[in-house]
Amino acid sequence: MKGSTGHFLSVNLSDGSTNSFCPPIDYYSRFIGGAGFAARLFVERGNFETDPLAPDALLIFSLGPFAGLRLSGASRFSAAACSPLTGHWADSSCGGNFAPELKFAGFDGILISGKAEKPSVLVISDHTAKVETYPELWGLGVEKTTAALKHKFGKASKTLVIGPAGENLVKFACIINDGHSAFGRAGLGAVMGSKGLKAIVVRAKDRNFIVEDPIACRKLVSELNSRIKESVTLSVMRENGTAANLEGGVHLGDVPIRNFTSNFWEEMAEALTGSTLSEKYLKRRANCDFCSVACKRIVEITEGPFAIPKGPGPEYETIVSFGSLIGSMDLAATCKAGKMCNDLGMDTISCGATIAWALEAFENGDIGVEECDGLQLKWGDINTIINHLLPTIAEKRGGLGELLAGGSVAAARKTGSKTREYNVHAKGLEAPMHDPRGGGHGLALTYAVSHRGACHVSSPMLFMEMGACYYPEIGFDYELDPLSSENKAESAVLAMALGSLENSACLCQFADREITIPEWVALFNSVAGFNWEIHDMMKAGRRIFYLQRLMNHRYGLRAEDDKISSRLLTPAVDGAPEGIKIEFDKMKTKFYNLMDLDPETGIPSSKTLVDYNLETEADIILKG
Amino acid sequence: MRIFLEPIGVVRGRLCAQSVEIDGDSAVGKLIESLNLPPKLNVIAITDGKRLSSDEKLKDGATVKIVSLALGG
Ligand code: SF4
């Protein structure tokens with residue numbers, strides 16, 4: 001199979017054995033790679049009854065066919081497992097530099113099972129791998145661990161590391177690549193921690209990447225790279241990062257404020273926006289391998305309570321999670337909180353959202369000083385968050401640390417029914433920093449139907465609603481009004497298939513906005529030799545969406561779980577979307593009809609399963 | 001008539017004029033067209049915190065915020 005190595009690395013940490021295996025060839029064209037491929041491998045080798053943090057739980061890292069290609073946006077990859085945060089199947093996507101290196105080392109992915117007796121590191125080099133014991137790294141932050149691994153294995157080696165939060169099984173622990181990029185969502189760092197696996201290191205000598213049609217591929221990649229480099233919207237992101245238009249987002253009512261209780265805060269808009277970050281703290285721009293967009297930030301804060309040395313800076317989600325969401329407009333503090341979360345190994349979205357839940361619960365008297373280990377919690381009190389809450393959560397210290405380390409939904413369950421009103425999530429995953437009431441009503445639908453929960457990268461819906469991309473070849477040639485439900489179900493059908501393609505091909509959602517549908521097909525054909533027409537590609541995207549739904553059905557999710565928190569369905573009290581209600585049920589019913597999903601079970605009919613060649617998988621999942 | 005402009009976020013560096021002169025009966029769509037901003041920025045106009053539709057008529061001397069829908073992730 002061109003574009004891929006045809007080999008997966010299998011690691012059993014219980015006995016330290018490593019083997020290479022060849023997944024069935026049809027998985028590549030049917031499930032592509034990344035999230036889709038990981039899901040199919042789990043169906044073949046995983047056990048739906050296993051606790052996410054049990055030794056025999058599987059953790060899968062999976063590359064797409066384009067990893068290793070010198071194409072902007074192509075260096076992402078997926079990690080997948082049963083999420084300890086949500087209790088069902090989830091995947092997470094990470095940029096950075098690990099994916100191409102792993103492909104060059106000879107593997108399309110890594111399948112990890114078992115539990116190491118002592119803290120270990122998986123070391124991968126050209127076609128070989130071994131598990132080494134490193135107890136001295138356990139307890140260290142991500143920064144020190146990464147530095148120690150680079151010292152030992154060479155600067156050019158690439159790393160995936162968990163921090164203390166992963167070791168302590170914090171339910172939203174993440175996995176960090178080379179100190180900067182993250183598998184942020186769904187708590188996969190805790191799965192790695194439960195296996196006693198502190199890090200994975202990879203180093204490859206070769207840079208070989210064999211594609212199906214080198215001439216066509218080179219021409220297409222060169223055209224796409226030029227277009228991505230010249231794109232107006234992407235140059236905005238290069239200039240001022242992913243938060244470049246945070247200020248615009250505030251005026252649209254997209255940016256959540258104080259745990260999604262408000263949609264407008266004018267002074268905060270300029271204080272936190274990307275250009276302010278550039279003016280005040282930006283030292284240089286950084287990028288994932290081969291990407292000219294360079295939306296990542298390297299920042300330095302030389303003075304004040306939030307001084308930090310030169311290093312990775314926050315992106316949009318982190319700035320809002322530790323800014324307006326918790327009632328603060330201190331940009332330096334968001335940089336410091338982001339750096340701490342990276343070092344402790346915690347997802348900034350779920351962490352910020354869980355803290356926002358606690359702030360609201362404290363304000364309303366649902367939790368008090370006693371439950372908060374003597375602390376007073378106040379909106380905007382970023383000092384308490386940085387100095388007390390973040391380390392407390394990562395170490396699961398005291399009652400408050402234990403409470404918040406399980407995420408906001410579990411915390412509300414323990415605390416009492418009224419505090420459930422402060423949860424903002426879908427399927428147990430805290431909502432990202434785009435409020436569908438202002439950002440676009442279609443987002444409410446895609447948050448709800450996404451397999452992993454409230455997720456803005458499960459589909460390009462946000463971009464489709466804002467008019468950033470059109471796909472006439474598949475019928476998306478019309479403008480959407482973000483603040484209406486009109487045509488949202490129809491566009492969500494396309495968006496979910498496209499999202500599955502993005503997360504399985506592992507292309508970056510920012511960079512790939514510039515790629516047309518025929519070019520997507522040409523890319524698959526020239527790299528992987530799929531010989532697809534548009535119809536085949538869209539069918540693969542939808543097949544992956546259905547497969548993930550089948551899996552979550554086995555984990556107990558039903559149609560009634562395709563919902564979002566009532567707070568997001570209550571009309572906004574201020575800002576551009578004030579008073580406008582999201583017609584959620586109408587959109588969902590139509591989406592279900594168009595996707596042939598059963599209104600009770602939430603899964604497709606047998607006819608659709610046959611149409612999408614999923615009979616074998618459905619048999620294993622539903623009858624297994 | 002004269003319309004006063006308040007560029008927001010990514011529009012700020014790309015829109016130098018503080019006001020524009022447009023025909024008396026012009027609607028928001030016409031105003032946006034006259035700004036000559038890159039179409040990919042997909043800008044809209046907001047007054048008093050509310051989004052104006054493209055066929056909405058403007059009043060002489062009105063101030064509108066110009067906001068791009070190009071949000072990051
Ligand atoms: S656009 Fe940003 S996140 Fe996406 S691949 Fe490029 S540098 Fe990485």
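Note that this is a predicted model, so its numbers are computed, not measured. Computed from heavy atoms alone, side chains included, the values below leave out hydrogens, waters and symmetry copies. Quick note on labels: first sequence line is chain A, next is B, and so on, each numbered from 1.
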What pair of heavy atoms forms the shortest contact from B:Val10 to A:Ala244, and how long is it?
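Taking every non-hydrogen atom into account, CG1-O, 3.5 Å.
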How close do B:Lys50 and A:Ala576 get, counting heavy atoms only, and between which atoms?
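Shortest heavy-atom contact: CD-O, 4.0 Å.
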Chain B contact via [X] - which portion, at a heavy-atom distance below 4.5 Å:
{"X": "A:Asp481", "value": "side chain"}
{"X": "A:Gln509", "value": "neither"}
{"X": "A:Asn240", "value": "neither"}
{"X": "A:Ala468", "value": "backbone"}
{"X": "A:Glu479", "value": "neither"}
{"X": "A:His434", "value": "side chain"}
{"X": "A:Phe510", "value": "side chain"}

Using modelled atom types only, decide if a donor and an acceptor are shared between the side chain of A:Asn245 and the backbone of B:Gly9 within a distance under 3.5 Å.
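The answer is no, because no donor-acceptor pair under 3.5 Å joins these two groups.
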Are there residues of residues 14-22 of chain B that reach to under 4.5 Å of chain A by heavy atoms, and which ones?
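The residues closer than 4.5 Å to chain A, in numerical order, are B:Arg14.
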Which members of residues 31-47 of chain B, sorted by number, sit under 4.5 angstrom from chain A on a heavy-atom basis?
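Listed by number: B:Pro38, B:Lys40, B:Leu41, B:Asn42, B:Ile44, B:Ile46.
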